[in-house]
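Got a structure for you, written out below as structure tokens; questions coming shortly.
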Protein chains: 2
Amino acid sequence: MRDPEPLREALIKAGISLLEEGGAAALSLRRVAARAGVSHAAPAHHFAGLPGLWTAIAARAFQDFAQSLQRQVDAAPPDPRARLEATCQGYLDFAATHPGLFHIMFVSPEVNRADAGIAPHSARAYQILRDACLPFSSTSAPDPVLEIAVWSMAHGYATLRLHARPAGRPMPQAPAFAACLAALLDERTRGPLASQDEMR
Amino acid sequence: MRDPEPLREALIKAGISLLEEGGAAALSLRRVAARAGVSHAAPAHHFAGLPGLWTAIAARAFQDFAQSLQRQVDAAPPDPRARLEATCQGYLDFAATHPGLFHIMFVSPEVNRADAGIAPHSARAYQILRDACLPFSSTSAPDPVLEIAVWSMAHGYATLRLHARPAGRPMPQAPAFAACLAALLDERTRGPLASQDEMR
DNA sequence: ATCGGAACTTTACAGTGTCAGGCTCCAGAT
DNA sequence: ATCTGGAGCCTGACACTGTAAAGTTCCGAT
């Protein structure tokens, strides 16, 4: 069972490289087709149009994203604070390193984020953040408020650094994200053990 | 000195309505021209291309945004907590009510956010958030970490609610933003005495 | 062998941004 | 009074985009 639709695979890879080279504006069906060496209508046939291609790429991106997050968490020291910081740092790193994929994953209105190819990977990524937040819950159960607060802060910091940067108001010499996270967590550090450090 | 370039004004208004009706994808030079009743090349002449039109619209949007924020803060009770909550709520409301403008303001990579028409209004908006954060600083000086933490959390929450919503993972029944903000602030509420604050 | 459908290609069309010229009109210089 | 130059806007053209329809090739199942 090797090679399940090799062209589809090639088109996705071509799309990702286009995206990383020139941003979302550089990703077009015809360019993807040209890079894969097929006619311009082939991608539309496989993905049912541009939104379909974007959705397929987003699915792949979420998969890479969850993997990258998991790897970063696994490499962190075992204490809860370091693990949550590593999770957030992984989030920020991915956004900074792959702005095109990040855009497809979280911004583009055309991609269907409930797609069966996306949902499991995005859920897995969220579960990683969920696990990292668990030790900081005031009860022993997961704390959705904390999860959404951390997620929002990481996501907002990442996107603001990405887009609002040239505006130049406060972002360039902005405080490190770790400091912001500390402002959220310090009240809770009496529960688990605290670790003092800085990120980046 | 009334009516400085009425067509330019009409084009911006047409662009905004296009944006609010059909999102960023519906905003094109030619449609703007058609809606304003001029030839398809007129907008390009006035704004030096599509990015110029976007930038002009973003400038107008930041102006409205700062106004709306200010109005919401002024209508809030005078205690610091209520004022900061009102500021954040204004941020969230604007994003939810004008997703197209919000996209132009914070996401579109093509708009030059250092433009002279944008910078003053975006700076004013940031100053409003800055003022609202000031009473929660541990010192008497502004606390950039707190400002960026609040801004990131509000921005992240707003954008995740906008885009990640259809994915449907956690956002629909997500905790209210006020709860997330409380997680950030509660540690600090001993700091400021809710006695006297500055009004402008 | 033949039928049917999947995987493409070719052709065509409407819509997009951008550029190169035109046309008109009016303020300021001559 | 006339000339000049440019601002404001239009017409036409070009390259590029997504999408749809129809044609081709090929292979597996009947």
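Predicted, not measured: the structure shown is a model, and the values here were computed from it. Letters A, B, ... are given to chains in the order of the sequence lines, protein chains preceding strands, and every chain is numbered from 1.
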request  = Report the distance from atom CG of B:Leu53 to atom C1' of C:dG17, rounded to the nearest whole Å.
outcome  = 12 Å
Mind listing the side-chain donor-acceptor pairs of residues 94-110 of chain B below 3.5 Å, one per line with the distance, residues two or more places apart or on another chain?
from: B:Thr97; atom 1: OG1; to: B:Asp93; atom 2: O; distance (Å): 2.5
from: B:His98; atom 1: ND1; to: B:Glu20; atom 2: OE2; distance (Å): 2.8
from: B:His103; atom 1: ND1; to: B:Ser108; atom 2: OG; distance (Å): 3.3

ask   = Residues two or more places apart in sequence or in another chain: which of them pass salt bridge (charged side-chain N to carboxylate O under 4.0 Å, His left out) with A:Arg130?
value =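 A:Arg130 satisfies salt bridge (charged side-chain N to carboxylate O under 4.0 Å, His left out) with A:Glu147 only.
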request  = Test side-chain contact (heavy atoms from CB on, under 4.5 Å) on A:Leu134 and A:Asp131 and set out the steps.
outcome  = CA-CA 5 Å; A:Leu134 186 56; A:Asp131 293 343; 5.6 Å; no
inquiry  = So, using salt bridge (charged side-chain N to carboxylate O under 4.0 Å, His left out) as the criterion, who are the partners of A:Arg71 when residues are at least two apart?
reply    = none
message = Using the side chain to side chain contact (heavy atoms under 4.5 Å, CB included) criterion, which residues pair with A:Pro78? Sequence neighbours excluded.
response =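 Side chain to side chain contact (heavy atoms under 4.5 Å, CB included) list for A:Pro78, sorted by chain: empty.
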message = Between A:Cys133 and A:Asp143, does the side-chain contact (heavy atoms from CB on, under 4.5 Å) criterion hold? Intermediate values first, please.
response = CA-CA 8 Å; A:Cys133 284; A:Asp143 179 355; over 6 Å; no
Start and end of chain B contact along DNA chain D [non-hydrogen atoms, under 4.0 Å] = D:dG8 to D:dA13
query = Taking it one step at a time, do B:Trp151 and B:Tyr126 satisfy ring-ring contact (aromatic ring centres under 6.0 Å, His included)?
reply = CA-CA 9 Å; B:Trp151 188 19; B:Tyr126 187 69; 5.2 Å; yes
request  = Would you mind building the protein contact string for nucleotides 4-12 of chain C? One character per nucleotide, 5' to 3', B for base within reach (heavy atoms under 4.0 Å), S for sugar-phosphate only, - for untouched.
outcome  = ---BBBBBB
ask   = Backbone N or O of A:Ala119 within a donor-acceptor pair of the A:Ser122 side chain at under 3.5 Å?
value =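 Pair found, side chain donor or acceptor close to backbone of A:Ala119.
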message = Output the rounded distance in Å from CD (B:Glu110) to P (C:dT16).
response =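 Rounding to the nearest Å, CD of B:Glu110 and P of C:dT16 are 17 Å apart.
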